[in-house]
Number of protein chains: 2
Amino acid sequence: MSRAHATFEIAVDLVVLTVRDGRLAVLLIERGNEPFRGRPALPGGFLRAGEDLLDAAARELAEETGLRGITPDLRQVATYAAPGRDPRGRVATVAYLAILPDLPVPTAGTDAAIARWAPVGPGPDGLAFDHDRILADAVEHARRLLEDTPLATAFCREPFTVAELRGVYEAVWGVALDPRNFHRKVTGVPGYVEPTGDLRSLPTGRPAALFRRGPAEALYPPLQRPRRSLPAPQGD
Amino acid sequence: MSRAHATFEIAVDLVVLTVRDGRLAVLLIERGNEPFRGRPALPGGFLRAGEDLLDAAARELAEETGLRGITPDLRQVATYAAPGRDPRGRVATVAYLAILPDLPVPTAGTDAAIARWAPVGPGPDGLAFDHDRILADAVEHARRLLEDTPLATAFCREPFTVAELRGVYEAVWGVALDPRNFHRKVTGVPGYVEPTGDLRSLPTGRPAALFRRGPAEALYPPLQRPRRSLPAPQGD
DNA sequence: ACAAAAGTGTTCACTATACACCCATGC
DNA sequence: GCATGGGTGTATAGTGAACACTTTTGT
């Protein structure tokens, strides 16, 4: 077997999403080293000897957020290996999507990197490397996953109310949903959420029933996000 | 920057699917070298210097099938890098899904590898490396893509009939579909298929209208595959 | 005329949406 | 009582499955 092939280092980059103040937010670090020193970037790091991709993603997540012992929802999104995407040499990166409930503060990582939550906007954010592209791909991935997987519950601390879950959908999809119909849909999907039997009182209003995640791994029927498909009367 | 990280070779493996005789089929080669010499495997090869992933996948596809100048539907599915998945050392592989219309014969590759179409069954096929897993992931990916992308048209040579397109869905999903309702659904999705205006006569029956792919990159409304969601009266 | 495949019309059940309305709490 | 948010009922429109039926060919 010829060994004329290129050799790579493999990194894992994390797109850590949460909902803060009703807005979708992503965890960014400020790069402390060249290249792109001082520029915001997705957290991540290199694969170690004997380590699998998912293990590396979980390790990096623990290191960057300081969380231990949690089993967050981690999903592989895509792999990027374009020549020149990293000025240091041939580095391929595997992007993982991680969903967390709102954390009080991202507890600046052990790597002395400055971590912060940044709102996810529609346009590019000037991230290092090709991270703008990776972020956009991952957010679109998350939007799709909300439709037919119980991913949205990963944004919520248990137990949660239906209104909190609705806030996740509204923040990630960027649309307003009818509270009444949403309630019925969510509670009507077998295995999506299970009532705990408890209630939670807010400062005002009727107390909301509390739920935890159910056993379903896929949502049927799916919660389809609204799309405008109306053909314009004058054509398109 | 410490260089204590593992280094990898990166391969691209292809899951080339087609529909033959109404059955979903995958292109397999017989390995000519160790490891797994003589075992069936997915076609693939190593990334070359200066080459991006998609370019490598397209190159390998051309080499294995002998096709030139075509632009097949190639989509990245997932990346696998478990330690020990390749006995030769640390090799990560990026799996690509390629969809082709039925070819007369896979024109054994230039690599002197014996290529053949194998029907895709429900169980493992004893493929080399972790290719059973990769194949299963890619087939599930294809099943999902048929729902909301025009991927199915990539299985058909243009121009095609609605019945041919239906055959693709039936083969990939493994279900029977109502020809009448399928016809209406497909022709009702804006931008999915466009009539050429021509007809094709079969040995018997009314000639079918011919279509080509339309400009749509996503299908709305989607063609959802049938799922059994009926809660059994006695529980499941 | 008949068989076979393409394509249309119609019915019926189910799902989505909009929104009126009632419920349960704090003040 | 009143404001506020939680949750249910219900009317209406739209969508999907089932299937009768018509169209267009070859023999």
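In what follows, every chain begins at residue 1, and chains take the letters A, B, ... in the order their sequences are listed. Computed from heavy atoms alone, side chains included, the values below leave out hydrogens, waters and symmetry copies.
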Counting side-chain heavy atoms from CB outward, which of dC19(D), dG7(D), dT24(D) is closest to Ala208(A)?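 For the Ala208(A) side chain, the nearest candidate turns out to be dG7(D).
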
Which nucleotide sits closest to the side chain of Ser201(A): dA18(C), dA5(C), dT25(C)?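 Nearest nucleotide to the side chain: dT25(C).
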
Quick one: [X] [atom1] to [N] [atom2], roughly how many Å, whole number?
| X | N | atom1 | atom2 | value |
| --- | --- | --- | --- | --- |
| Tyr220(A) | dT15(C) | OH | C1' | 10 Å |
| Asn181(A) | dT10(D) | CG | P | 15 Å |
| Arg184(B) | dA6(C) | CZ | P | 15 Å |
| Lys185(A) | dG7(D) | NZ | C1' | 17 Å |
| Arg200(A) | dG26(C) | CZ | P | 15 Å |
| Phe182(A) | dG5(D) | CZ | C1' | 16 Å |
| Asp178(A) | dG9(D) | CG | P | 16 Å |
| His183(A) | dC21(C) | NE2 | P | 21 Å |

Parallel, tilted or perpendicular: ring planes of Phe129(A) versus His131(A), cut at 30 and 60 degrees: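 The rings of Phe129(A) and His131(A) sit tilted, inter-plane angle from 30° to 60°.
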
Interatomic spacing from OG1 in Thr161(A) to CG in Leu210(A) - rounded to 0.5 Å: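 Result: 7.0 Å between the selected atoms.
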
Answer yes if the side chains of Asp13(B) and Tyr80(B) hold a donor-acceptor pair under 3.5 Å, and no otherwise.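 Not at all, the side chains of Asp13(B) and Tyr80(B) share no donor-acceptor pair under 3.5 Å.
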
Do Arg206(A) and dG26(C) share a donor-acceptor pair, side chain to base, under 3.5 Å?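 Donor-acceptor pair under 3.5 Å: no.
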
Considering only heavy atoms and no angle criterion, is a donor-acceptor pair shorter than 3.5 Å present between the side chain of Arg180(B) and the base of dG9(C)?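 Side chain to base: no pair present.
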
Which parts of residues 161-177 of chain B get close to DNA chain C, meaning a heavy atom less than 4.0 angstrom away?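 Listed by number, they are Ala163(B).
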
Does this structure show an ion pair linking [X] with [Y], if we count only N-O contacts that are shorter than 4.0 Å?
| X | Y | answer |
| --- | --- | --- |
| Glu64(B) | Arg116(B) | no |
| Arg200(A) | Asp198(A) | no |
| Arg133(A) | Asp137(A) | yes |

Where Leu219(A) and Thr149(A) come nearest, the two heavy atoms and their spacing: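 Residues Leu219(A) and Thr149(A), closest heavy atoms: CD2-O, 3.2 Å.
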
